[in-house]
Amino acid sequence: MDQRLLRRERIGRQAEIDACYRQGVRLVGKILRFHVRRSDRAFARMAISVPRRFVRKAVERNRWKRLLREAFRRNKAAIGPGLDIVAVPMRPPGDLKRADVESAMLSLLSRKP
RNA sequence: GACGGAGGUCGAGGCGAUCGCUCGUUGGAGCGGCCUUCGGGUCGCGAAGACGGGAGGAAAGUCCGGGCUCCACAGGGCAGGAUGGUUCCUAACGGGAACCCGGCGCAAGUCGAGGGAAAGUGCCACAGAGAACAUACCGCCGAUGGCUCGCCCGCGAGGGCGGGAUCAGGCAAGGGUGAAAAGGUGCGGUAAGAGCGCACCGGGCGGGCCGUGAGGCUCGCCGCAUGGUAAACCCCAUCCGGAGAAAGACCAAAUAGGUCCCGUCCCCGUGGCCGGAAGGCCGCGGCGAAGGCCGGCCCGGUCACGCGUUCCGAACAGGAACGGGGCGGGAUGGGUAGGUCGUUGGAGGCGACUCGCGAGGGUCGUCCCAGAUUGAUGAUCGCCGCCCCGCGAGGGGCACAGAACCCGGCUUACCGGCCUCCGCCGAGC
RNA sequence: GCCCCCAUCGUCUAGAGGCCUAGGACACGGGUUUUUCACAUCCGCAACACGGGUUCGAAUCCCGUUGGGGGCA
């Protein structure tokens with residue numbers, strides 16, 4: 001399985017991210033939340049937005065982005081095509097491991113496949 | 001050996017495996033533009049693969065200084081801000097080096113916004129007698145001139161001696177207050193005292209020598225009142241135009257609108273209302289230290305200017321030309337979305353030699369060392385190392401922290417490791 | 001990325017070098033009043049964000065940290 005993460009699998013425009021916030025379904029978990037919106041693309045796309053409000057230090061914000069990007073990269077087959085996802089962590093990463101983020105992501109996204 | 005001081009340096013702890021991200025070089029599957037004699041030529045983009053690079057000493061805070069870019073600018077001044085021992089380093093600095101002075105420390109060292117208070121103004125609460133042209137509460141003295149008491153001398157006027165601390169008066173040493181009390185200590189001196197006199201220290205003025213200088217040393221003179229505060233206003237000297245990569249340059253859709261050209265021949269071209277357009281002045285508001293700038297289409301008011309037909313014809317009939325509007329087509333300037341550049345090769349790193357006490361400078365050689373754009377530099381696992389907890393099996397931890405145009409500093413955060421030099425104490429030789 | 005501003009009891013605030021051991025209001029705790037509650041009244045608790053410096057003396061002046069708020073496409 002191709003586990004690479006292509007540039008086209010990121011959401012790059014502020015307008016598209018805003019569309020996910022406005023029109024997307026909100027899936028809220030303990031440590032993060034997702035805004036998911038259907039698209040007609042043949043693949044899933046993701047953007048990550050770490051609010052400074054919850055995660056103060058730049059190092060920790062980078063940590064969150066890396067963990068989420070890895071989780072998406074390894075599990076995009078399970079998530080399935082045609083989704084635009086905006087991930088928003090809601091607390092500092094602390095000692096979260098990749099497995100923790102992956103399980104949280106899959107359980108939340110399984111609610112609205 | 002113990003304690004302490006100064007400085008430098010390294011820092012995802014090391015090695016490996018698997019899965020990824022990003023940039024460059026190479027590579028060329030393919031895609032597009034232009035030209036074409038349809039064979040192709042040429043320019044640009046560019047997938048797979050290969051090779052190479054990929055966070056910091058603080059990348060941080062944004063506290064200073066520069067480069068760079070745009071705007072403004074004849075020159076000067078005002079306003080405002082910053083700095084403040086001296087000499088030097090530097091592109092520059094509020095940074096650094098060496099030195100001077102002062103405080104602290106036995107010392108190595110360390111700390112200091114360290115110009116001016118006999119230019120001016122202000123302030124110095126409380127306490128205290130008195131606080132800036134000083135003062136006299138307690139106290140000391142009462143020499144001098146009185147008063148009074150006793151004794152003595154004298155016939156007497158009066159005189160002498162001693163006492164009282166009573167009046168005039170003298171004093172500023174001691175006590176006490178305070179952050180600060182108008183030089184300090186000692187001796188002499190005196191009624192008691194006092195730079196009143198003297199010695200030393202301190203201070204002021206002048207000279208000499210040394211030093212580029214801050215300043216140091218020294219000689220002479222003056223017994224010597226000139227408090228503190230300028231991180232209070234201020235004065236002096238020096239420096240500073242404004243904004244910042246969201247700077248700025250370029251390319252540039254769709255839609256609407258501007259300008260120009262062609263066509264159509266659909267409408268209009270008398271006056272008024274309505275309307276259009278651009279300029280001056282005044283006012284209002286905002287910003288700026290000011291000059292000044294700005295006002296979304298459309299800031300308000302006012303004034304002035306100015307455009308909105310002529311010809312043929314008897315004609316307000318009809319027609320022509322010209323102008324305007326609409327419609328259709330074409331060209332084109334500006335600008336928005338979006339994109340590209342700016343953007344990493346630089347006051348650059350390393351090494352050698354060399355000048356300088358040093359900060360640093362010079363010459364030569366050598367290297368290319370992050371460039372993302374919802375923002376890369378990672379994730380997972382194994383072995384080893386170090387630290388902590390535990391008798392043990394074992395468990396936990398390995399800082400502070402993430403580039404965004406680039407440099408030079410400062411400041412702040414931080415697990416620790418390594419190196420160099422120095423002081424002091426103790427012991428041995 | 002850049003540029004501004006602010007910080008005083010639990011909350012809102014006064015303060016401009018000495019009158020500050022920091023004042024007021026609300027809140028909180030206790031008492032009085034009332035059959036009880038409320039109102040009223042008396043008493044109490046409680047703060048200068050932190051670290052240096054200037055000054056005889058700092059909430060106030062200066063420097064540096066920390067925390068919070070706002071603006072710019």
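All of these numbers come straight from a predicted model, not from anything done at the bench. Order of the sequence lines fixes the chain letters, A, B, ..., with proteins taken first and strands second; residue numbering starts at 1 for each chain.
Each of A:A47 and A:K97 was matched to the nucleotide of RNA chain B holding its nearest heavy atom; the match closer to the 5' end belongs to A:A47. Between A:R98 and A:I11, the residue whose closest nucleotide on RNA chain B is further toward the 5' end is A:I11.
Remark: B:rA231 base-pairs with no nucleotide; criterion is Watson-Crick or G-U wobble with both hydrogen-bond distances under 3.5 Å. B:rC281 is paired with B:rG301 under the Watson-Crick or G-U wobble criterion, all donor-acceptor distances under 3.5 Å. Applying the Watson-Crick and G-U wobble criteria (two distances, each under 3.5 Å), B:rA168 pairs with B:rU144. Remark: B:rG189 base-pairs with no nucleotide in the shown strands. Criterion, Watson-Crick or G-U wobble with two distances under 3.5 Å. The partner of B:rA29 cannot be assigned: no Watson-Crick or G-U wobble pair with both contacts below 3.5 Å exists in any strand. When both distances must be under 3.5 Å, the Watson-Crick or G-U wobble mate of B:rU259 is B:rA331. Across all strands shown, B:rG52 pairs with B:rC23; the Watson-Crick or G-U wobble distances both stay below 3.5 Å. Remark: B:rU238 base-pairs with B:rA82. Criterion, Watson-Crick or G-U wobble with two distances under 3.5 Å.
B:rG186 and B:rC234 have their P atoms separated by 48 Å, given to the nearest Å. Comparing the C1' positions of B:rC63 and C:rU66 gives a spacing of 16 Å, expressed to the nearest Å. B:rA246 and B:rG342 are spaced 14 Å apart, taking the C1' atom of each and rounding to whole Å. Nucleotides B:rG385 and B:rG14 are separated by 7 Å at their C1' atoms, to the nearest Å. Taking atom P in both B:rG184 and B:rU121, one finds a spacing of 30 Å when rounded to whole Å. Annotation: B:rG408 and B:rG423 have their C1' atoms spaced 35 Å apart (nearest Å). Nucleotides B:rU110 and B:rG96, compared at atom P, are 13 Å apart to the nearest Å. Atom name P, nucleotides C:rU65 and B:rA59: the rounded distance is 15 Å, in whole Å.
Between A:N75 atom CG and B:rA379 atom P there is a gap of 17 Å when expressed in whole angstrom units. We find that CZ of A:R61 is positioned 12 Å from C1' of B:rA401, with the value rounded to whole Å. Per the geometry, CD belonging to A:E70 stands 13 Å off P belonging to B:rC19, to the nearest Å. With rounding to whole Å, A:L67 atom CG is found 11 Å from B:rU377 atom P. If you take CG of A:L96 and C1' of B:rA379, they are 14 Å apart, rounded to a whole angstrom. Atom pair A:N62:CG and B:rG378:P shows a separation of 10 Å (rounding to whole Å applied). Straight-line distance from the CE atom of A:M46 to the P atom of B:rG20: 17 Å, rounded to whole Å. A:R74 has its CZ atom 15 Å from the C1' atom of B:rC21, to the nearest Å.
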Table please: side-chain donor-acceptor pairs of residues 94-101 of chain A below 3.5 Å, with sequence neighbours left out.
residue : atom : partner : partner atom : Å
A:R98   : NE   : A:E102  : OE2          : 3.3
A:D100  : OD2  : A:K97   : N            : 2.9

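Between A:R69 and B:rU377 there is a side-chain polar atom (N or O) within less than 4.0 angstrom of OP1 or OP2. A sub-4.0 Å separation between OP1 or OP2 of B:rU377 and a side-chain N or O of A:R66 is present. Considering only side-chain N and O atoms, A:R10 lies under 4.0 angstrom from the phosphate OP1 or OP2 of B:rU22. Put simply, A:R56 has a side-chain N or O that comes within less than 4.0 Å of OP1 or OP2 on C:rG68.
Only at 4.0 angstrom or more do the heavy atoms of residues 84-95 of chain A sit from any atom of RNA chain B, so none qualifies.
For B:rA243, the base adopts the anti conformation, since its glycosidic angle falls more than 90 degrees from zero. Here B:rG130 is in the anti range [glycosidic angle more than 90° from 0]. B:rG319 has its base anti relative to the sugar, with a glycosidic angle deviating from 0 by more than 90°. Annotated as anti: B:rC43, whose glycosidic dihedral deviates from 0 by more than 90°. Shown here, C:rU21 is classed anti by the O4'-C1'-N9-C4 or O4'-C1'-N1-C2 angle, which is more than 90° from 0.
In this structure, the nucleotide among B:rC381, B:rA403, B:rA379 sitting nearest to the side chain of A:A58 is B:rA403. Distances from the side chain of A:V59 to the nucleotides B:rG20, B:rA401, B:rA379 place B:rA401 closest. Closest to the side chain of A:R63, out of B:rA379, B:rG402, B:rG378, is B:rA379.
With sequence neighbours excluded, the residues that form a side chain to side chain contact (heavy atoms under 4.5 Å, CB included) with A:R63 are A:L67, A:P93. Every residue two or more places apart in sequence or in another chain that forms a side chain to side chain contact (heavy atoms under 4.5 Å, CB included) with A:S39 is listed here: A:R41, A:D84.
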(request) Begin from the C-alpha positions of A:F34 and A:L83 and carry the test side chain to side chain contact (heavy atoms under 4.5 Å, CB included) through to its verdict. (result) CA-CA 11 Å; A:F34 292 100; A:L83 293 176; over 6 Å; no

(message) With side chain to side chain contact (heavy atoms under 4.5 Å, CB included) as the criterion, how do A:V55 and A:M90 come out once you've worked through the C-alpha distance, each side chain's angles and the decisive distance to 0.1 Å?
(response) CA-CA 8 Å; A:V55 186; A:M90 296 190 296; over 6 Å; no

(message) Quick one, A:V50 with A:K65, criterion side chain to side chain contact (heavy atoms under 4.5 Å, CB included). Give me CA distance, side-chain angles, the key distance, then yes/no.
(response) CA-CA 8 Å; A:V50 190; A:K65 289 183 195 171; 4.0 Å; yes

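Residue contacts shown for A:I17 include a base, since a base heavy atom lies under 4.0 Å away.
Apart from A:V59 itself, the hydrophobic cluster it occupies contains nothing, where clustering links Ile, Leu, Val, Met, Phe, Trp and Tyr at side-chain heavy-atom distances under 4.5 Å.
Inter-residue side-chain proximity for A:W64 and A:I48 is flagged as unmet; no heavy-atom pair is nearer than 4.5 Å. Taking 4.5 Å as the limit, some side-chain heavy atom of A:I85 sits within range of a side-chain heavy atom of A:I79.
Sorted by first and then second residue, the side chain to side chain donor-acceptor pair (under 3.5 Å) pairs involving residues 25-36 of chain A (not counting sequence neighbours) are A:R33-A:H35.
Salt bridge A:E16/A:R37: absent, no basic N to carboxylate O contact under 4.0 Å.
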